[in-house]
Structure formats: C-alpha cells, structure tokens
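One structure is given here, and the rest of the page talks about it.
Every chain is numbered from 1 and lettered A, B, ... according to where its sequence line falls, protein lines coming before strand lines. Values below: every heavy atom of this structure, side chains too, minus hydrogens, waters and symmetry copies.
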Amino acid sequence: MNTTKRTLKISNTLSGKKEIFSPLHEGFVGMYVCGPTVYSHVHLGNCRTFTSFDIIYRYLLHLGYRVRYVRNITDVGHLTDDGEDRMARGARINQIEPMEVAQKYTLDFHEMMRTLNNLPPNIEPRATGHILEQIEMVQRILERGYAYERNGSVYFNLRQFSRDYPGVYGQVSGRIMEDLIAESRDDLKSQDEKDHPADFALWMKARPGDLMVWNSPWSVGFPGWHLECSAMSTKYLGQTFDIHGGGVDLKFPHHENEVAQNHGACGCSPARYWIHTNMLQLNGAKMSKSEGNYITPEQLFSGDSPLLSKAYSPMVLRYYFLQAHYASVLDMTDDGLLAAEKAYRKMMEVNKLLQSLPADTTVYDGSESAHDRAILRHIEAAYEGMDDDFNTAIALAHLNELSSYVHKIANRQIPLNDVSPWVIERLKITFRTFLFDIFGLRDETEVAHGNKVVEGLMDLILEIRAAARAQKDWATSDKIRDTLAALGIAVKDSKEGASWTWL
RNA sequence: GGUAUCGUGGCCGAGUGGUUAGGCACAGGUCUGCAAAACCUGCUACAGCGGUUCGAAUCCGCUCGAUACCUCCA
C-alpha cells in the first residue's frame, strides 16, 4: 500500500518542534541511527531504543518511502570513565582479542534484534572498518581550520567553530555555547593538551599498551568516539540526509559533537530531522546494576529475577514498548508487563477471529451503515496516530476500539448485513498491516504449541475429557483440568469445545 | 551545583485551553455442571499552592518530587 499522500509529522530535536516531514529527495529517506557499543550484553534500554527506531523504519516503509537505514556498530573509540577503550577493557578481563569482544557482542546484539523482530538495517557499518574515512574527515576539518594537533592527538576547535557558525553548537542539546565555555570540571582527562576544556578529541595518540591502534598522519592511535558516526553517515547517506536518531542520552556530547564535525568538514548540517528516544525505567527508577534495580532481557524472557513474577515473551516486551510514545520515559513494572501480556494475547486472538470472518456476504444491502462509518473512522484515527510523530499508543488504542467491533460482528451483536463487506475486508487488512508490518509483532500464541507430540497428546487428553463430560463425569473432567493446570497447561472450555494454552 | 524534560484514576500509559484515549486490575452481567476463558456494561483522573482566562489537568509563577545530560551509558 502506497500512502505517501499522508502527512507525517516528526518531533525534530533540532527545532524543538513538531514538523511536517519532507524528505530531501521525493520518495527516498536516508536515516542514520547510532548503534550499540559492542562491549557487553544488550541492555533492556537498548532494546527499547532500537525497537522504537524499527517501528519508525517500518512506518516509513509502509508509507511507501524507499528508506536507506544505516545503523552502526561501535567497536572502537568509546572509552570508559577511566579512559580505557571498552573493547580493550573487555579483552583484558576475558583475556581475548578486542575484536573477539566486538564479534561476540555483535552476534549477541543481532540475536536480540531478531528475537524482538527488529528488521536489520540496510547498512550496518563498523567503526573499525572505516578508519580511513575517519582520518580523511579529520584532515578535512584540519584543512578548514576547525581542529588542531597536540602531541600526535587532534582536537576540535570549538571556539573557532562557534565564531564561524554561531548557534550551531548547542542546537541539538539545547545548550548555550557560553555556558559550555564557562563550564569546566577539574577532573577532565588530558585537558592539559587542549586549548579549551570543551574541545573534544578527533584523533587520540595511543598510549603504551593500547591494543586497538592504527597509523595516521599524526600518530599511531585511534579515532575519537564521535567521529565514526560523522564519517559513516557521510559515506553512506551523503553530507546532508533526512533523519538522524539515537537515545536522548546521546544528545550531549555525542550528537552535538557529531554535528560540529560534519559542519567542520563540509560546512553543512548533516541531518535535517533529529529524533531522540527516551529512557526505560524499572519500578519508577533508573535501571542500575549496583542498586539491584536491574534486569537483563534474558532475565525478562526467563522470569529469573526477584523483580518479576513470571517470564515474559519478547513480543510482550515489544507490545509494552508500543503502549508508550517513543519520546516519553517508560516505566517498566511487573504489573505493567502482566497487563501488556494479556492485552497482547487478546489482540492476537481478536486478529485471528477477524481474519476468520466470512470474506463476503450476499445479504449486504448496499448502503453505508453507521457501523461502517465508525469502523472507518477508527481505522483513519489509527493512521493519524502514526502520522503524528509515530504515536503507537494512539494507534493501538484505536485498534482496541476496533477489537470491540470485531467481537460484536463475530457474535452477531452487530448483524453482518450492518457492515459492508469491503469494510470488513478493510478491517482485516488494517489489523494485519498494523500488527505485523508496522508494529512488527509476531503471533506467539501460535508457536506456543510447536511440539507435535505434545499437540497429539493434548488432542487425545481433551478427547477423553470431552467423552467424560458428555457422560457428566465431572470428577474425571476436573481431574484432567486440575492436573494439566499443575503442569502449566490451561484448558479453556467454549461452545465449540475445549482448547489449551501454556500458562 | 548547573541545564533540560516530566509529574495523569489501584497499576501502565495517550492526549490537551471547553468534547470517552486505550490496556490491565476491580465491580456487575451473559455463558457454564462448577470454575477458568471469552464477551457485554460500569468505573472518570490529571503532584501541591497561587495567577492568567468566560473556561485550565492543558498557559504562567513558585514549591515538592522524578528522570536525563553536564567530555565520552540507548
């Protein structure tokens, strides 16, 4: 379905306003999202960020745009508070090569993205694979006079840049340049080399013992963290492209510095729309390993945590994310997950019910009914929700409203001839499109069965139970039900017979 | 300490100058041998204190609280 006629609005961090989205080239979108630093297992917060951008990517695709989605892998240059490279630190602790660390956690990250049903980006460049591009960018920034060399390291000259491009530095994070200049911390690293504390490293000279080093015109060393995104976005999307995304915590200094580097190198702004996703909290507070307020995605999926009453599936997590707007802080609680699980399962069930409705009917009398109009209004409202800065919460609310119609049609509370066949068809397409294409959900209620032997046994058991019930042998019937419940299987009785699900 | 964002019913969360968000929970009902499930109906909030306005939960101010950032955590 091509619906590029729709008007999409995006909250642009650059302007602080919601703007009508208009791509640089009609029909095409270039989108860059800051990817993970692959030095440890994926954090639940990362899961939210990349799922948010996955939904943005999916909706752009749905609108008919040809999207080039670039998401990098940071495998060098991202230092810890102690100034050690994160890869090198992992390598030292585990006594392996830094690139083994990067490989291990890149695979781990990809696995998690698949688990969450996030589509892969079109290009996934690595920082270590683009050292040449980064060196060239440093050279361009030097040539244009916005960087200086000190003892083999190269630093960005913020004051010079701010004089030539007033108002650029600070636009993403909403910071005032004067404040930044005035701000100074006494525990800054290697600031003695820098002309000004706010200047940041483009290239860092290696110290003895550094493992990840490359040759450069200035020294044997490694690129600064911010540089990779500037170099790779330029390489794959051009000097100016449409959308740049990342978590809000990256606004400063990472994104701010990125903009400065691009400006410094080419004199132009890199992205036209900046999208920032918000944080995920746990029980009302920041997730913190040291405070014990922390769960990993694996713990969430296994239920192995004192903070959880049970295991939650990846799609329940995804549904949980969908219930909130990407730019809001989202609080995760066990009660909330429980609610999301029930809501998700009902949504999948109602979709199955909807898809099984008769495709056509001859009793339709040809007019547009009040029900038709109500249904169409909710469908349109769901789209309007997505058009309004990818508001999945709104879209979901209208799908829930539509669920009620599906049930009423299915149980004949609304006569079938009160709803036009084409409206039913439209409803079916809307559910499939939203749930699976746009929201990127998978129907886990199906694959929950899976095992053929278990399915065969269950069919047999339910058959025996049905026979007992036919003879009003409630003792046998209840014994089967209770025993299965103890084994984690719920039996559901309905007019059509009994069915079962894992608890 | 500085800067920014936010504070919505039992819980999670949209939204916003005047009109039902939605989900979960809860209550009642239908169904059922009982129960569960499913469905139907109900439930009406916007941190506190001032101010602007015909009208504010929505705008402004203050207070309290939360979160993020402040040289490299999505």
Practice task
Would you sort out whether A/Asp387 and A/Tyr59 count as a side chain to side chain contact (heavy atoms under 4.5 Å, CB included), showing the intermediate values?
Solution key: CA-CA 9 Å; A/Asp387 290 339; A/Tyr59 194 60; 2.7 Å; yes

Practice task
Go through B/U67, B/C24, B/U71 for me and flag the one nearest to the A/Val329 side chain.
Solution key: B/U67

Handout entry: Greater than 12 external heavy atoms within 6.0 Å of A/Lys479's NZ
Key = no

Handout entry: Point-to-point distance, once rounded to the nearest 0.5 Å, from CG of A/Leu300 to OG1 of A/Thr296
Key = 8.0 Å

Practice task
Give a yes/no on whether any side-chain N or O of A/Ser173 is located under 4.0 angstrom from OP1 or OP2 of B/A4.
Solution key: no

Exercise for the section: Could you work out which one of B/G23, B/U71, B/G33 sits closest to the side chain of A/Arg469? Expected result: B/G33

Exercise for the section: Give A/Ser52 one of three labels, base, sugar-phosphate or nothing, depending on what nucleic acid heavy atoms sit under 4.0 Å from its own. Expected result: nothing

Problem - A/Glu341 CD to B/A37 P, straight-line distance once rounded to whole Å - result: 13 Å

Practice task
May I ask you to say what A/Leu280 touches in the nucleic acid, namely base, sugar-phosphate or nothing, with a heavy-atom cut-off under 4.0 Å?
Solution key: base

Exercise for the section: In whole angstrom, give the distance that lies between atom CE of A/Met279 and atom P of B/C12. Expected result: 19 Å

Problem - hbond_proxy A/Asp388 side chain to B/G15 base (donor-acceptor, 3.5 Å cutoff) - result: no

Problem - Single hit among A/His325, A/Lys18, A/Lys9 for side chain to side chain donor-acceptor pair (under 3.5 Å) with A/Asp389 - result: A/His325

Practice task
Name the closest nucleotide to the A/Ala339 side chain, picking from B/G23, B/A36, B/A74.
Solution key: B/G23

Practice task
Classify the side chain of A/Asn278 and the base of B/A74 as holding, or not holding, a donor-acceptor pair under 3.5 Å.
Solution key: no

Exercise for the section: Name the pairing partner of B/A38, where a pair is Watson-Crick or G-U wobble with both distances under 3.5 Å, or state none. Expected result: B/U30

Handout entry: Identified pairing partner of B/A25, criterion: Watson-Crick or G-U wobble below 3.5 Å
Key = none

Exercise for the section: Mind checking A/Arg48 for me? I need base, sugar-phosphate or nothing, with any heavy atom below 4.0 Å counting as a touch. Expected result: nothing

Exercise for the section: For A/Thr277, report the nucleic acid contact type (base, sugar-phosphate, nothing); a contact means any heavy atom under 4.0 Å. Expected result: nothing

Exercise for the section: Applying salt bridge (Lys or Arg N to Asp or Glu O under 4.0 Å) between A/Arg465 and each of A/Asp493, A/Asp459, A/Asp473, report the one that passes. Expected result: A/Asp493

Practice task
Taking only the side-chain heavy atoms of A/Asp331 (C-beta and beyond), determine which of B/C12, B/C40, B/C39 contains the nearest atom.
Solution key: B/C12

Practice task
Give none if B/U71 has no partner; otherwise give the nucleotide forming a Watson-Crick or G-U wobble pair with it, both distances under 3.5 Å.
Solution key: none

Completion exercise
Considering only heavy side-chain atoms of A/Glu401, the closest of B/A21, B/U67, B/G13 is B/A21

Exercise for the section: Please work out if A/Ala393 contacts a base, only the sugar-phosphate, or nothing of the nucleic acid, heavy-atom cut-off 4.0 Å. Expected result: base

Problem - Exceeds 12 heavy-atom contacts within 6.0 angstrom, atom CD of A/Glu463 - result: no

Exercise for the section: Would you indicate what A/Asp249 reaches in the nucleic acid, counting non-hydrogen atoms under 4.0 angstrom: base, sugar-phosphate, or nothing? Expected result: base

Problem - Touch class at under 4.0 angstrom, heavy-atom based, for A/Gly45 against every strand present - result: base

Exercise for the section: Side chain of A/Gln413 only, please: which of B/A74, B/C72, B/C40 is the nearest? Expected result: B/C40

Handout entry: Distance-only donor-acceptor test, A/Arg86 side-chain atoms vs B/C73 base atoms, 3.5 Å
Key = no

Practice task
Mind checking A/Asp199 for me? I need base, sugar-phosphate or nothing, with any heavy atom below 4.0 Å counting as a touch.
Solution key: base

Completion exercise
Here the distance between atom C1' of B/G15 and atom NZ of A/Lys9, to the nearest Å, is 13 Å

Exercise for the section: Please check the phosphate of B/A14 (OP1 and OP2 only) for any side-chain N or O of A/Ser328 closer than 4.0 Å. Expected result: yes

Practice task
Using the P atoms only, state how far B/C49 lies from B/A45, rounded to an integer number of Å.
Solution key: 16 Å

Problem - Per-pair stack call A/Trp474 and B/G33, 5.5 Å, 30° - result: yes

Exercise for the section: Name the closest nucleotide to the A/Pro253 side chain, picking from B/G22, B/C11, B/U71. Expected result: B/U71

Exercise for the section: Indicate whether OP1 or OP2 belonging to B/C39 is found under 4.0 Å from a side-chain N or O atom of A/His407. Expected result: yes

Exercise for the section: With a 3.5 angstrom cut-off on both distances, give the Watson-Crick or G-U wobble partner of B/G50, or none if there isn't one. Expected result: B/C60

Practice task
For A/Tyr320, answer base if it contacts any base atom (sugar-phosphate contacts may also be present), sugar-phosphate if it contacts only those atoms, and nothing otherwise; contact means non-hydrogen atoms under 4.0 Å.
Solution key: sugar-phosphate

Exercise for the section: Look at all strands and tell whether A/Glu349 reaches a base, only sugar-phosphate, or nothing, counting heavy atoms closer than 4.0 Å. Expected result: nothing

Practice task
Answer yes or no: does a side-chain N or O of A/Lys342 lie under 4.0 Å from OP1 or OP2 of B/A25?
Solution key: yes

Handout entry: Gap between atoms CG and P, on A/Leu282 and B/C12 respectively (whole Å)
Key = 12 Å

Fill in the blank from the handout: The nucleotide from B/U67, B/A74, B/C12 with an atom nearest the side chain of A/Leu250 is B/A74

Exercise for the section: Would you confirm whether the ring centroid of A/Phe434 sits within less than 6.0 angstrom of the ring centroid of A/Tyr383? Expected result: yes

Problem - Rounded interatomic separation in angstrom, taking CG from A/Asp334 and P from B/C24 - result: 16 Å

Problem - Integer angstrom distance from the C1' of B/C72 to that of B/G13 - result: 33 Å

Exercise for the section: Just call it for A/Lys251: base, sugar-phosphate, or nothing, with non-hydrogen atoms closer than 4.0 Å on any strand. Expected result: nothing

Problem - Full working for salt bridge (charged side-chain N to carboxylate O under 4.0 Å, His left out) between A/Lys346 and A/Glu349 - result: CA-CA 5 Å; A/Lys346 282 187 183 180; A/Glu349 292 302 327; over 6 Å; no

Practice task
When you get a sec, tell me which of B/U41, B/G22, B/A14 is the closest nucleotide to the side chain of A/Ile394?
Solution key: B/A14

Practice task
Would you classify A/Lys286 as touching base, sugar-phosphate or nothing, given that sugar-phosphate means primed atoms plus P, OP1 and OP2, and contacts are heavy atoms under 4.0 Å?
Solution key: sugar-phosphate

Exercise for the section: Look at the side chain of A/His325 and decide which nucleotide, out of B/C72, B/A14, B/C70, has an atom nearest to it. Expected result: B/A14

